[in-house]
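A, B, ... follow the sequence lines: proteins, then strands. Residue 1 opens every chain.
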Amino acid sequence: MPLSIYNSYSRTKEVFESVIPGHVGMYVCGPTVSGESHLGHARPYITFDIVYRYLLHKKFKVRYVRNITDAGHFEEEGREAEDKVSKKAQLEKLEPMEMVQKYTNLFHWAMKQFNCIEPSIEPTATGHIVEQIGMIEDIISKGYAYEVNGSVYFDVKKYAASYDYGKLSGRVIDELLDASNREEVTRDLEGQHEKRDAADFALWKAAPPEHIMRWKSPWGEGFPGWHIECSAMATKYLGSQFDIHGGGMDLLFPHHESEIAQSTICNHVSPVKYWMHNNMITINGRKMGKSYNNVIKLTELFSGNHPLLSQAFHPMTVRFFILQSHYRSTLDFSNEALMASEKAFKRLWEAYEVLKKIDASDNSTPGDIELDTKINTWLDEMEVFMDDDLGSPRVIANMFEMAPIINSLKDGIIQPNALSHQTIESMKKQFKVFLEDIFGLTSTNNENTEILKPVMQLLLEIRKEAKIKKDFATSDKIRNQLTAMGIVIKDEKDGNSSWTVG
RNA sequence: GGUCCUUUGGCCGAGUGGCUCAGGCAAAGCUCUGCAAAAGCUUCUACAGCGGUUCGAAUCCGCUAGGGACCUCCA
């Protein structure tokens, strides 16, 4: 079955065909490690983790590259015209690399919490200054960039004369070139006047004396521009044309548009076959972002330590929350929505645990042909939905259709022989493959339950004996005290009890 | 100002020309249960408004209104 994905470049769904059959090169814009990751950042990392996992499921050999931006991007038109990373470093009185290390570690911790598979290569911007300088020299030699006062700018006007600058982001080039008209307030900016055109973007910036992060270059000491790091690292590790480039929709312009321009000049080919962009997470209808001052950091989310949160949320709840919406739709955050996801995920996961313990019947023909057929349709649809531009919400909906059936099988409401041996085995397999392998979900139960097991068994035995003797005072005491400790007791139909933490 | 996207029931969210129907959460009733919890069953509310295309539109087109993203670092 072919995989189709929505290509932002063509604005249509396309059948996925990799450049090299059987292999996929994927580049995803990683974090800028000048601060803590927030919920909004989690979306691309989880989304493209699913893409990665699904490609592996489809038997592709994938090289997944996700960079760490540790050099900071120059805010060319920003008020301070200063490297973001080093600016923050001064405020925090840290060495730049100390801060970079701190937030890189924190980022890795968060990715682990989310059960995201590590990328094949995680290159850093500072580790690829040489490649970036090389690329800039190449662009200059081809006549598409010029140097002014130790800075180098990309000549957008010249590029646009022969190439389609603005195609990815839907920008109209004349407007960009006419950008000075747009600026009602002419901001007096360092570097602004030295560009030949307002639409030009920096490839290299000369470093002012106070700038901490600086590297030697053919144009003097400075630091790389906004977009060149991704182009340089993607080209180095994935070649001049690779399959998938991912990131948030807010990176379409100027970041990805500029990447296309830079790489096209250097490599004579548009760098990316499929551009994939995830939509934003909103909060009260507004994009979550630093500039709106409405972020919920991941550490706050996991601890519940935020005015908007009534409780802590498990990383798997957040992951499930993200999977319940399509990656190209905006997803509205609220405490209530997250609580709904928590409950839903718990129910689905418990059904999965139940399913694992169900013994498949020994009959090859189902007792209830209608039900058996329905289940097989749901199971088959799961891959079809994923193939259609990663329809994770519909896959989850199908699993919820099966949850009551699984529970009814356990309780004997549906007889085991209603379903064929094969159908039950297929359910087990598909639930495992989709929940664990593709969606990367794990149990939210605490790890250290090993030692509890015999203790709980003893308590439940005592409680069972009490119940038989109709000593409900004792049985309720056990149950209530355990509930208070966070252990939930469930009495099963067969007279036995099960327990879960949390 | 320009470009693009979006508007689904109490809430979150799929879907996209025709099938009874997304799904989840919440709510109500019932079953099970010593009681609870869990589970099962049932019920409930919907496609922003107006016009058009069509045998038929939540789905396509137009207009109106609301919301949003990008045009500056931003997932």
Between Asn407(A) and G40(B), is there a contact of a side-chain N or O with OP1 or OP2 at under 4.0 Å? yes
Looking at Arg463(A) and Asp491(A), does any basic side-chain N land under 4.0 Å from a carboxylate oxygen? yes
Side-chain donor-acceptor pair present, Asn115(A), Thr442(A), cut-off under 3.5 Å: no
Check this one for me: any side-chain N or O of Arg347(A) less than 4.0 Å away from OP1 or OP2 of G40(B)? yes
Could you work out which one of A75(B), A22(B), G13(B) sits closest to the side chain of Glu401(A)? A22(B)
May I ask you to evaluate whether Lys343(A) reaches the phosphate of A26(B), defined as a side-chain N or O under 4.0 Å from OP1 or OP2? yes
Ion pair check, Asp389(A) and Arg328(A), cut-off under 4.0 Å: yes
Give a yes/no on whether any side-chain N or O of Arg286(A) is located under 4.0 angstrom from OP1 or OP2 of A69(B). yes
A69(B), OP1 or OP2 - any side-chain N/O from Tyr292(A) closer than 4.0 Å? yes
Write down the distance separating the P atoms in C5(B) and C61(B), rounded off to the nearest Å. 10 Å
Between atom CG in Asn278(A) and atom P in C5(B), what is the gap in whole Å? 18 Å
Who does G56(B) pair with, Watson-Crick or G-U, both distances under 3.5 Å? none
Which of the following nucleotides, A26(B), A39(B), C71(B), is nearest to the side chain of Pro254(A)? C71(B)
Examine the base of C35(B) for any acceptor or donor lying under 3.5 Å from a partner atom in the side chain of Asp491(A), and report the outcome as yes or no. yes
Can a side chain N or O of Lys490(A) be found less than 4.0 Å away from OP1 or OP2 on A36(B)? no
Between Glu257(A) and Lys167(A) (salt bridge meaning N to carboxylate O under 4.0 Å), is one present in this structure? no
Would you say C4(B) has OP1 or OP2 under 4.0 Å from some side-chain N or O of Arg171(A)? no
Does a distance-only test, which skips hydrogens and angles, find a donor-acceptor pair under 3.5 Å between the side chain of Arg479(A) and the base of A36(B)? yes
Answer yes when Asp49(A) and Arg53(A) have at least one side-chain N-carboxylate O distance shorter than 4.0 Å, and no when they do not. yes
Considering just the side-chain nitrogens and oxygens of Ser329(A), establish if one lies under 4.0 Å of OP1 or OP2 belonging to A14(B). yes
Taking for each residue the nucleotide of RNA chain B with the nearest heavy atom, is it Ile396(A) or Asp476(A) whose nucleotide lies nearer the 5' end? Ile396(A)
Tell me which nucleotide, if any, is Watson-Crick or G-U wobble paired with A39(B) when both distances must be under 3.5 Å. U31(B)
Taking only the P atom of each, what is the distance from C47(B) to C11(B) in whole angstrom? 13 Å
SB check Arg347(A) Glu350(A) (cutoff 4.0 Å): no
With centres under 5.5 Å and planes under 30°, do Phe472(A) and G34(B) count as stacked? yes
Between Phe333(A) and Arg11(A), which residue's closest nucleotide on RNA chain B lies nearer the 5′ terminus? Arg11(A)
From the list A14(B), G40(B), G13(B), which nucleotide is the closest neighbour of the side chain of Leu331(A)? G13(B)
Please state whether the base of C73(B) and the side chain of Lys290(A) form at least one donor-acceptor pair under 3.5 Å? no
Ignoring hydrogens and angles, answer whether the base of G23(B) and the side-chain atoms of Asn398(A) contain a donor-acceptor pair closer than 3.5 Å. no
